[in-house]
Amino acid sequence: MAQVTPPPIRLFNTMTMQKELLEPAVPGCVGVYVCGPTVYSYIHIGNARTFTSFDVVVRYLRYRGLKVRYVRNFTDVDDKIIKAAHETGEAPVALASRFVDIFREDAKALHMQEPDVAPKVSDHLPEIIAIIQKLVDKGFAYASHGDVYFSVSADKDYAKLSKRHLDELCVGERVQPGDLKREPLDFALWKAAKPGEPAWESPWGPGRPGWHIECSAMSAKYLGETFDIHGGALDLIFPHHENEIAQSESANGQEFAKYWMHCGFLDLEGAKMSKSLGNVVRLRDALEKVDAEALRFFFISTHYRHPLSFSDKALADAEARMEYFYETLRKVDERIAGKDFGTGALHGEPHRFLAEFESSMDDDFNSAGGMSALSGLFNLMNELTDKPPVKDKPMVGRTLQALREDVRKVSGVLGLFEDDPSAWLLRRRERAVRERGIDVAEVERLLGERTAARAAKDFAAADRVRATLKEKGVEIMDTVGGTSWKVAAAQG
RNA sequence: GGCGCCAUAGCCAAGUGGUAAGGCAAAGGUCUGCAAAACCUUCAUUCCCCGGUUCGAAUCCGGGUGGCGCCUCCA
């Protein structure tokens, strides 16, 4: 077996601010670490966008034949968790554990694949304490009244990821009164326990890890001291990722991650989503109103590094597009199901669309560019189904089969079209029926009346029924197989 | 103040040196009893503005203007 040529995937590296060819440390194998959620609440649609983006990255790397180890952690020890637990009266560990389960449900609902490893901070105290000890031993960290701090001045290339100047950073840094730190920029690796807080024993007394050290410890455990891709959203560049680099490279004396990928922000029609404004949209609330794949499609339609604006209109557009895709697939499946069209030539080079899709995705996971190829693919499916340009029916059938097969491949990468088309369409109609308060029995009765009128060639009566239904938001379609109906697009 | 990002048709959105993908909307057409869906056609001599580099720039450089993010927890 010949050596497989590595796929020419290029990705934008925040460290160098350039697109680079992906060259894994171990050829053919890619280690990916994505900073996962702090489990103190429900995730919002911004979090969902980030995790969906990396879900697609990992799916694509695998599609391209790379062996991926995908690690996404749970931060289950944290100030915010302690605070939230205080409010609900739960034990912090219990609250965190509850939201880990909730996160898993949400991720599944959005068709995200499980990471290979989903480590929790609370399960990795020995590893965390070990790396802190290593930093203390090497002189990069110091203990202070039960806390341990990383000494930023000991790290000569601190801030290389965010490209900041230390003297400038000091200006904005708040220095707490009675601070235990030597320098304002130093950050906590270990925090001494306060009464009532979860605490673990350590060489510095009871306490808990600081925010950043967990990722250094857990990534090293599961991916090694140097690994390939480290991801997260833009806001993690500073200080979180910067501090991870400082810790890991100081402790291990080698490069931490080769490629840094950062996902752009999602806003609400230009407004920042924030708790103080009270406009945080939870993923699960969004999924009450919009189909999961439509939401994924909405995310995927814009490049992962670009800002994305969430709105009802954008969602409605995405859902309408998904309906087009699924209607097409339903027709195609009906046409080719269980049929054998033999072997032979295909019409119109159907595989060119998949090739186009791949070349877009190879270029920094440009899923938005890939949509163009997808449109071409579906367009050809419709053309072949409804108005075949060639008479050779077996050839048309074979071509449709080939196209359907390519849709399945794209589906595996994007996490779209994973449903049975008819089931998806019916589910969407049922949701619309509920939302619009449509009386299905009445619709069926009116349709019966209309069918009778049409049979009697009383088209005026038939058109009156059509108009009546239209007022109720129901659109009807006459086909060879009879009349079907759907809920018209919402007018607002 | 520092470090960055963004600005492409009515809207969404690719394209980062070689002469503007795709989608939605709109208009016309095919099909239809009429529709819907689908398909076909049309729809940016031009990419926020002003300079510069180049045979050639939406793409590179300089300067503006307008949005935004991070610098404190944040996906």
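Values below: every heavy atom of this structure, side chains too, minus hydrogens, waters and symmetry copies. Small disclaimer: the values here were computed from a predicted structure and weren't measured. Just so we're on the same page: letters track the sequence lines, and every chain starts at 1.
Across every strand in view, U72(B) sits unpaired, with no contact that passes the Watson-Crick or G-U test at under 3.5 angstrom. Pair assignment for C48(B) gives G64(B), based on Watson-Crick or G-U wobble hydrogen-bonding distances that are each under 3.5 Å. If you check U19(B) for Watson-Crick or wobble pairing at under 3.5 angstrom, you find it has no partner at all. The partner of C34(B), taking Watson-Crick or G-U wobble pairs whose two distances both stay under 3.5 Å, does not exist in any strand shown. In this structure, C24(B) forms a base pair with G10(B), meeting either the Watson-Crick or the G-U wobble geometry with both donor-acceptor distances under 3.5 Å.
With a 6.0 Å radius and a threshold of 12 heavy atoms from other residues, nucleotides or ligands, Lys19(A) has its NZ atom above the threshold. Remark: Asp420(A) CG is packed, more than 12 non-hydrogen atoms of other residues, nucleotides or ligands lying under 6.0 Å away. Summarising the local packing, CD of Glu105(A) is surrounded by more than 12 heavy atoms from other residues, nucleotides or ligands at distances under 6.0 Å. In the displayed structure, His86(A) atom NE2 is contacted under 6.0 Å by at most 12 heavy atoms of other residues, nucleotides or ligands. The 12-atom threshold is not exceeded at NZ of Lys108(A), counting heavy atoms of other residues, nucleotides or ligands nearer than 6.0 Å.
Going from atom OH of Tyr158(A) over to atom P of C3(B) covers 17 Å, rounded to whole Å. Residue Arg305(A) contributes atom CZ, which lies 15 Å from atom P of A13(B) at whole-angstrom precision. Separating the CD atom of Glu242(A) from the P atom of U72(B) is a distance of 13 Å, rounded to the nearest angstrom. Counting to the nearest Å, the P atom of C74(B) and the CG atom of Asn243(A) are 10 Å from each other. Atom NE2 in His303(A) sits about 11 Å away from atom P in U16(B), given to the nearest Å.
Nucleic acid contact class of Asn379(A) (heavy atoms, under 4.0 Å, all strands): sugar-phosphate only. Looking at heavy-atom distances under 4.0 Å, Lys470(A) makes no contact with the nucleic acid at all. No engagement by His262(A) is indicated, since no non-hydrogen atom pair under 4.0 Å with the nucleic acid exists. Among the protein residues, Asp463(A) comes within range of the nucleic acid bases, having at least one heavy atom under 4.0 Å from a base atom. Here Asp79(A) lies out of heavy-atom contact (under 4.0 Å) with every strand. Contact annotation for Leu374(A): no contact, since no heavy-atom pair falls under 4.0 Å across all strands. Among the protein residues, Lys163(A) comes within range of the sugar-phosphate backbone only, with heavy atoms under 4.0 Å from sugar or phosphate atoms but none that close to a base. Residue contacts shown for Arg454(A) include a base, since a base heavy atom lies under 4.0 Å away. Using a 4.0 Å heavy-atom criterion, one finds that Leu234(A) contacts no nucleic acid atom at all. Contacts of Arg450(A) with the nucleic acid, taken as non-hydrogen atoms under 4.0 Å apart, include base atoms.
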Between Asn73(A) and Tyr33(A), does a side chain to side chain donor-acceptor pair (under 3.5 Å) hold up when you go through it step by step?
CA-CA 8 Å; Asn73(A) 70 290; Tyr33(A) 187 94; 3.2 Å; yes
For the pair Arg466(A) and Thr483(A), evaluate side chain to side chain donor-acceptor pair (under 3.5 Å) and give the outcome as yes or no after the intermediate values.
CA-CA 11 Å; Arg466(A) 179 193 289 283; Thr483(A) 301; over 6 Å; no
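Note on ring orientation: taking the six-membered ring where Trp is involved, the planes of Tyr326(A) and Phe417(A) are perpendicular (angle over 60°, cut-offs 30° and 60°). Relative orientation of the Trp260(A) and His230(A) rings is parallel, given thresholds of 30° and 60° on the angle between their planes.
Of the candidate nucleotides G23(B), U16(B), C73(B), U16(B) has the atom nearest to the side chain of Lys19(A). Nearest nucleotide to the side chain of Trp211(A), out of C73(B), A75(B), G22(B): C73(B). In this structure, of A75(B), A14(B), C34(B), it is A75(B) that holds the atom nearest to the side chain of Leu266(A). You'll find that the side chain of Met17(A) is closest to C5(B), out of A13(B), C5(B), A36(B). Residue Arg466(A) places its side chain closer to A35(B) than to any other of C70(B), G2(B), A35(B). Here the side chain of Asn366(A) is nearest to one of C73(B), A14(B), A38(B), namely A14(B). Side-chain atoms of Phe459(A) lie closest to G33(B) of the nucleotides C3(B), A38(B), G33(B). Closest contact between the side chain of Lys313(A) and the listed nucleotides A38(B), C11(B), G2(B) involves C11(B). Distance from the side chain of Ala368(A) is smallest for A14(B) among the nucleotides C74(B), A35(B), A14(B).
Taking atom P in both A35(B) and A27(B), one finds a spacing of 14 Å when rounded to whole Å. Between G67(B) and C48(B), the two C1' atoms lie 11 Å apart (nearest whole Å). Remark: the separation of the P atoms in U72(B) and C3(B) is 15 Å, to the nearest Å. Nucleotides U46(B) and U59(B) are separated by 15 Å at their P atoms, to the nearest Å. A gap of 11 Å separates the C1' atoms of C47(B) and A57(B), to the nearest Å. A gap of 28 Å separates the P atoms of U54(B) and U45(B), to the nearest Å. When the C1' atom is used for both A21(B) and A58(B), the distance is 14 Å, rounded to whole Å.
Counting distance only, with no hydrogens placed and no angle test, the side-chain atoms of Asp317(A) and the base atoms of C11(B) include no donor-acceptor pair under 3.5 Å.
Side-chain polar atoms of Glu183(A) and Ser153(A) form no donor-acceptor pair below 3.5 angstrom.
Near RNA chain B, meaning a heavy atom under 4.0 Å away, the residues from residues 36-50 of chain A are His44(A), Gly46(A), Asn47(A), Thr50(A). Near RNA chain B, defined here as any heavy-atom distance below 4.0 Å, the residues from residues 319-327 of chain A are Arg321(A), Tyr324(A), listed numerically.
Ring-to-base geometry does not place Phe51(A) in a stacked arrangement with A75(B) (centre distance under 5.5 Å, plane angle under 30° required).
Across the interface with RNA chain B, nearest-nucleotide mapping of His240(A) and Gly376(A) shows Gly376(A) to be the residue nearer the 5′ end. Residues Glu356(A) and Glu383(A) both approach RNA chain B. Their nearest nucleotides, taken by heavy-atom distance, put Glu356(A) toward the 5′ side.
Between Lys272(A) and the phosphate of C70(B), there is a side-chain N or O to OP1/OP2 separation shorter than 4.0 Å.
Taking the six-membered ring for Trp and the full ring otherwise, Phe103(A) and Phe51(A) have centroids separated by under 6.0 Å. Under the 6.0 Å cut-off for aromatic ring centres, Phe150(A) and Tyr158(A) do not qualify, their centroids lying 6.0 Å or more apart. If you look at Phe256(A) and Phe227(A), their ring centroids are closer than 6.0 Å.
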